[in-house]
Amino acid sequence: MNELIDFFYRLKWPDGFRCPKCLHPHAYTVHGRSLPLYQCKQCRHQTSLKAGTVLEKSRTPLEKWAAAIQAMSRLHSINAVQLMTKIQVTYKTAWSMLRKLRQSLHAMDSELPLTGRVEAGVGYYEAKRLRPFITHPLRVPVIVGMAYSDNNILTYMKMKPIPPEHYADFTLRRLDEEAYRNRHVRTDRPVHILRHIPFCRHPELPAMFRQAVQWINRVFHGVSRRYLEYYLDEYCFRLNALLQGHDSFERIVGCTMQTEVSRMFRRKRTLAA
């Protein structure tokens, strides 16, 4: 347990302890509970590993959070029913844990735009149907964007659902292309957005999107438009970690410990508005 606490501590304060109130770099460690408290030597403010993160106010032990993160970091991830059985919590708790972890990944992805040479295409997500001969009424258009280095190596990718009002008559409007670029792209090069990726001749866009759709429908049996972006962010996170040679488990712990609760919910309210 001490090794796990040290691991989370290092990822929350990678440059050493900083008091969240006065930024003083030194603290006393107060033991006597499941997780230690850290009391600032200057202002006496007490904080913990969970304070100011998506783990704040959670009664779930740290080792169960670590098990959930480890399961999510694996190639096929995990759904709430599987996690409930794996770590012995209620379904409500398992679903809430995975939701918070996806929100932290979403917050991290929002701060990492596509750079370099960027190519994108529009595909459609729809949940797996029990009666495949009936057309699903809620197909969600998704922009799949890929960033390449000067050596033509894929470095980062994003998959972002398009709001229904931005995609009228199966046509992505020019103003909405600009909105996508402004929000998700930082490059001085032209961004080529293909109108429809399943039938285009791009060597990677259709395959990557098809794998993401198959993964969502296989593991989670389909998701609604409301939560689709978070699941796509999770899929892209693991792929991007692989492309960049990062350890997925450590990356999830790091962004979970660095994501402030107030910032995450402030962004959530802004997007909802």
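Keep in mind that what you see is a predicted model, and the values were worked out from it rather than measured.
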Got a sec, which residues hit side-chain contact (heavy atoms from CB on, under 4.5 Å) with Leu228, two or more places apart in sequence or on another chain?
Tyr125, Val140, Val142, Pro161, Ile216, Val223, Leu232
With sequence neighbours left out, the residues meeting side-chain hydrogen bond (donor to acceptor under 3.5 Å, both in side chains) with Thr93 are Thr90
Can you pull out every side chain to side chain donor-acceptor pair (under 3.5 Å) where at least one residue sits in residues 10-27? Sequence neighbours excluded, please.
His24-Gln42
What pairs with Arg117 under side-chain hydrogen bond (donor to acceptor under 3.5 Å, both in side chains), at least two apart in sequence or on another chain?
Glu119, Asn152
The side-chain hydrogen bond (donor to acceptor under 3.5 Å, both in side chains) partners of Gln39 (sequence neighbours excluded) come to Gln46
Going by distance alone, is a donor N or O of one side chain under 3.5 Å from an acceptor N or O of the other, for Glu234 and Ser77?
yes
Could you work out the complete set of other residues in the hydrophobic cluster of Leu37, with links drawn between I, L, V, M, F, W and Y side chains under 4.5 Å apart?
Val30
Which residues share a side-chain hydrogen bond (donor to acceptor under 3.5 Å, both in side chains) with Arg189, sequence neighbours left out
Asp150
Once side-chain contact (heavy atoms from CB on, under 4.5 Å) is applied, do any residues pair with Ile153, and if so which ones, sequence neighbours excluded?
Ser149, Asn151
For residues 78-88, please give each side-chain donor-acceptor pair under 3.5 Å, one per line with the distance, not counting sequence neighbours.
unit_1, atom_1, unit_2, atom_2, d
Asn79, OD1, Val81, N, 3.2
Asn79, OD1, Gln82, N, 2.8
Asn79, ND2, Val219, O, 2.8
Gln82, OE1, Asn79, N, 3.1
Thr85, OG1, Val81, O, 3.3
Gln88, NE2, Thr85, O, 2.8

Which ILVMFWY residues are connected to Leu23, directly or by a chain of links, through side-chain heavy atoms under 4.5 Å apart?
none
According to ring pair (Phe, Tyr, Trp, His ring centres under 6.0 Å), who are the partners of Phe249, at least two apart in sequence or on a separate chain?
Phe7
Partners of Tyr231 by ring pair (Phe, Tyr, Trp, His ring centres under 6.0 Å), sequence neighbours excluded?
Phe220
